[in-house]
S.K.: 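To start, I am sharing the structure in question, which I have written as structure tokens.
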Amino acid sequence: MNFDKEYFNLGVLDTLSYKNTLVHRLDPRTKVITTFAFIVTVVSFPKYEIAGLIPFLLFPVVIFALGDIPVWFILKKVLVVSVFAVFIGILNPLFDTHIKYHFLTFPVSGGWVSFFSILLKFFLTMCSALLLISTTSFPGICHALRKLGVPEIFISQLLFLYRYIFVLMEETLRMVRAKDLRSFGKKGQGISIFINLVGTLFVKTIERAERIYHAMLSRGFTGTIHFVLKEGFGKKDFVFMSVTGITLFIFRAYDIVGLIGRLAERMFN
Amino acid sequence: MTHHIIDFKDIFFQYPDGTEALKGVSFRIIHGESVGLVGANGAGKSTLLLQMNGYMLPSSGVINIGGVELTKKTRQDIRKKVGVVFQNPDDQLFMPTVFDDVAFGPLNLGMSNERVTDRVNSALQTIGCLDLATKPPHHLSAGKKRAVSIATVLAMEPDILAMDEPSSNLDPKSRRDLIGLLKEFKHTKIIASHDLDLILEVCERCLVIKNGMIVADGRVSGILTNQLLLEENHLELPLSLQKNRIH
Ligand SMILES: Nc1ncnc2c1ncn2[C@@H]1O[C@H](COP(=O)(O)OP(=O)(O)OP(=O)(O)O)[C@@H](O)[C@H]1O
Ligand SMILES: [Mg+2]
């Protein structure tokens, strides 16, 4: 059953987010804002841009290193979802056939260029999103969003989701396991069993929700959830944000790859 | 203070599906008493505890807590006095981190952030889990979850503590710690459990409930040694009293 593995993966991401490195210690707001800025900058590049995007790979590399994040684990996740990007871009080479560049005398059509541009943008944005998740605890992200003005009710929903997705997954896991243990490798009795599983899960979930609500009432809940929030915005956040901001701007405004190319040319001549 | 009295008078309770879970329960617990509640599965222990803070109001009968009759109107205030620890810690711990969870109650009481932080820290200290403050509950073992769910209630500094199966899932050491903790808590407490040794150590008095009725009420030493009564209620002599059965 694949379910075990998926659950395990979710758990790994979650555990990663509670590490204690320089990046993990940054205020969640810092990371949410810079990630957002990074994504906007990357997406803002024109359709046929490839060279301009290359320098942006520097960001994930730095975060992987500073945050002590297992590279393969994240890359595998990005590769899995890349399928979507391929679907989005795969028709470009068919429709857009005018020749854009010559790569070592091979003609390259605009379609292929924009296809690769999409892939690259997708890779960069997915990487940064996953890195955000694996360097910031989910509650941290939620509190950051709250402070940045996302309405209370969404935040509470997200926090409950986070708290109970693991409980729900484990409940499902136990049920699936119990079913597997008693079906002796037989497949095929599939759909009706599956419907039963989902039904039971649904009932269990409703009952649990009721018990949780009761637990909340028992401790004086009257409609709003309060938090004690620590102010964590410090000098390191300021430095991180400025450095990232300036670098993003430079990478966006100047043609870094071309600059390096010309520099190299001059050195060899 | 002498007013942490629990008084149940002829309580009946029926679940929406028609199950008669309590059929005329009456008892009175005075200030500072610690009372064990035992009985077979389905006897009505959990149902009885859930009556204590007004989550479910009785179909008939009067519950009086600390001199206040429990009604729809008074239950908000009574909840501040009665801390209930549920059978399943996953229901009790609903916040994203241990700290937030323990802080939930005190914050609802309208305390300032500093005072809440103090309370949370001292509650976590009491159960020896201060280092878990930033962890999400799903990273805790079953025993730690149990301990933290007790802390969530301790942080509210209730006058009356009601617990449902506090020692289930605990390893012997954690169980020992829990017993120590419960002995230290000097307020009124009522503990439902199948762990008769725990009841024997922590409580002075014991209620036996069967099919929604109290069938025995008396000193622990009398009740937990009454083999006939215990066996009628699907229970056994506490292990510590079973020496003669070891061959
Ligand atoms: N939500 C519910 N709806 C309908 N009936 C219920 C519900 N919860 C409990 N009951 C019934 O009420 C009776 C008392 O249940 P209760 O949970 O109080 O028993 P208990 O003494 O706590 O048992 P255990 O030792 O297994 O925890 C049982 O007959 C049970 O089937
Ligand atoms: Mg019960």
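By convention in this document, chain letters (A, B, ...) are assigned in the order of the sequence lines, proteins followed by strands, and residues within each chain are numbered from 1.
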S.K.: So do the side chains of B:P58 and B:I11 get within less than 4.5 Å of each other, counting heavy atoms only?
M.R.: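 They are in contact (side-chain heavy atoms under 4.5 Å apart), so the answer is yes.
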S.K.: Which region of B:M95, side chain (C-beta onward) or backbone (N, CA, C, O), has a non-hydrogen atom less than 4.5 Å from a non-hydrogen atom of chain A, or is it both or neither?
M.R.: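 Both backbone and side chain.
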S.K.: With side chains defined as the heavy atoms from C-beta onward, is the minimum distance between B:H138 and A:D14 less than 4.5 Å?
M.R.: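 Result yes, sub-4.5 Å side-chain heavy-atom pair found.
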S.K.: Heavy atoms only, distances under 4.5 angstrom: which of B:V153, B:L107, B:D91, B:T117 has the most pairs with chain A? Name it, please.
M.R.: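 Greatest number of close heavy-atom pairs with chain A: B:D91.
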S.K.: Between B:A155, B:G83, B:S149, B:P137, which residue shows the highest count of heavy-atom pairs closer than 4.5 Å to chain A?
M.R.: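 If we count pairs closer than 4.5 Å to chain A, B:P137 comes out on top.
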S.K.: State whether A:F73 and A:K77 meet the cation-pi test: NZ (Lys) or CZ (Arg) under 6.0 Å from the six-membered ring centroid, and within 45° of the perpendicular axis.
M.R.: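 The answer is yes; both the distance and angle limits are met.
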S.K.: Is the distance from the ring center of A:F238 to that of A:F233 below 6.0 Å?
M.R.: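 Not under 6.0 Å, so no.
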S.K.: Taking everything shown except A:K76 itself, do over 12 heavy atoms lie less than 6.0 Å from its NZ?
M.R.: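 Result for NZ/A:K76: open.
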S.K.: Under 4.5 Å from any heavy atom of chain A, what part of B:F86 do you find: side chain, backbone, both or neither?
M.R.: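 Contact with chain A: side chain only.
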S.K.: Taking atom CZ of B:R115 as the centre, report whether more than 12 heavy atoms of other residues, nucleotides or ligands fall under 6.0 Å from it.
M.R.: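 Not more than 12 within 6.0 Å, no.
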S.K.: Pick one of side chain, backbone, both or neither for A:T15, based on which atoms fall under 4.5 Å of a heavy atom in chain B.
M.R.: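 Looking at A:T15, backbone and side chain both touch chain B.
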S.K.: Against chain A, work out which of B:P158, B:A103, B:P136 has the most heavy-atom pairs shorter than 4.5 Å and name it.
M.R.: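 Ranked by contacts with chain A, first place is B:P136.
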S.K.: Looking at chain A, which one of B:M56, B:Q92, B:H139, B:K80 has the largest number of heavy-atom pairs inside 4.5 Å, strictly under?
M.R.: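 Winner by heavy-atom pair count: B:H139.
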S.K.: Using the ring centroid of each side chain, check whether B:Y15 and B:F13 are separated by less than 6.0 Å.
M.R.: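 Yes, ring centres under 6.0 Å apart.
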S.K.: Tell me, side chain or backbone of A:F221 under 4.5 Å from chain B's heavy atoms, or both, or neither?
M.R.: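 Interface part for A:F221: both.
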S.K.: Is there a side-chain contact between B:I6 and B:R28, using heavy atoms and a 4.5 Å cut-off?
M.R.: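 Counting from C-beta outward, B:I6 and B:R28 never come under 4.5 Å.
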S.K.: Measuring only between side-chain heavy atoms, which start at C-beta, is B:I191 closer than 4.5 Å to B:C203?
M.R.: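 Counting from C-beta outward, B:I191 and B:C203 do come under 4.5 Å.
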S.K.: Find the one option among B:V85, B:L93, B:T134, B:V84 whose heavy-atom pairs under 4.5 Å with chain A are most numerous.
M.R.: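 Highest number of pairs under 4.5 Å: B:L93.
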S.K.: Looking at side-chain heavy atoms only, is the closest gap between B:V148 and B:L140 below 4.5 Å?
M.R.: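 Touching, per the 4.5 Å side-chain cut-off.
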S.K.: For chain B, find its close neighbours in residues 201-217 of chain A: heavy-atom separation under 4.5 Å, sorted by number, or none.
M.R.: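 Counting heavy atoms that sit under 4.5 Å from chain B, the residues of residues 201-217 of chain A involved are A:R208, A:E210, A:R211, A:I212, A:H214, A:A215, A:M216, A:L217.
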S.K.: Under 4.5 Å heavy-atom distance to chain A, tell me which part of B:D101 shows up: side chain, backbone, both or neither.
M.R.: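 Its backbone and side chain both get close to chain A.
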S.K.: What part of A:F160 gets within 4.5 angstrom of chain B, counting heavy atoms only: side chain, backbone, both, or neither?
M.R.: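 Side chain only.
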S.K.: Scan B:T97, B:D90, B:D100 and name whichever one has a side-chain hydrogen bond (donor to acceptor under 3.5 Å, both in side chains) with A:R163.
M.R.: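 Going through B:T97, B:D90, B:D100 one by one, the side-chain hydrogen bond (donor to acceptor under 3.5 Å, both in side chains) with A:R163 is satisfied by B:D90 alone.
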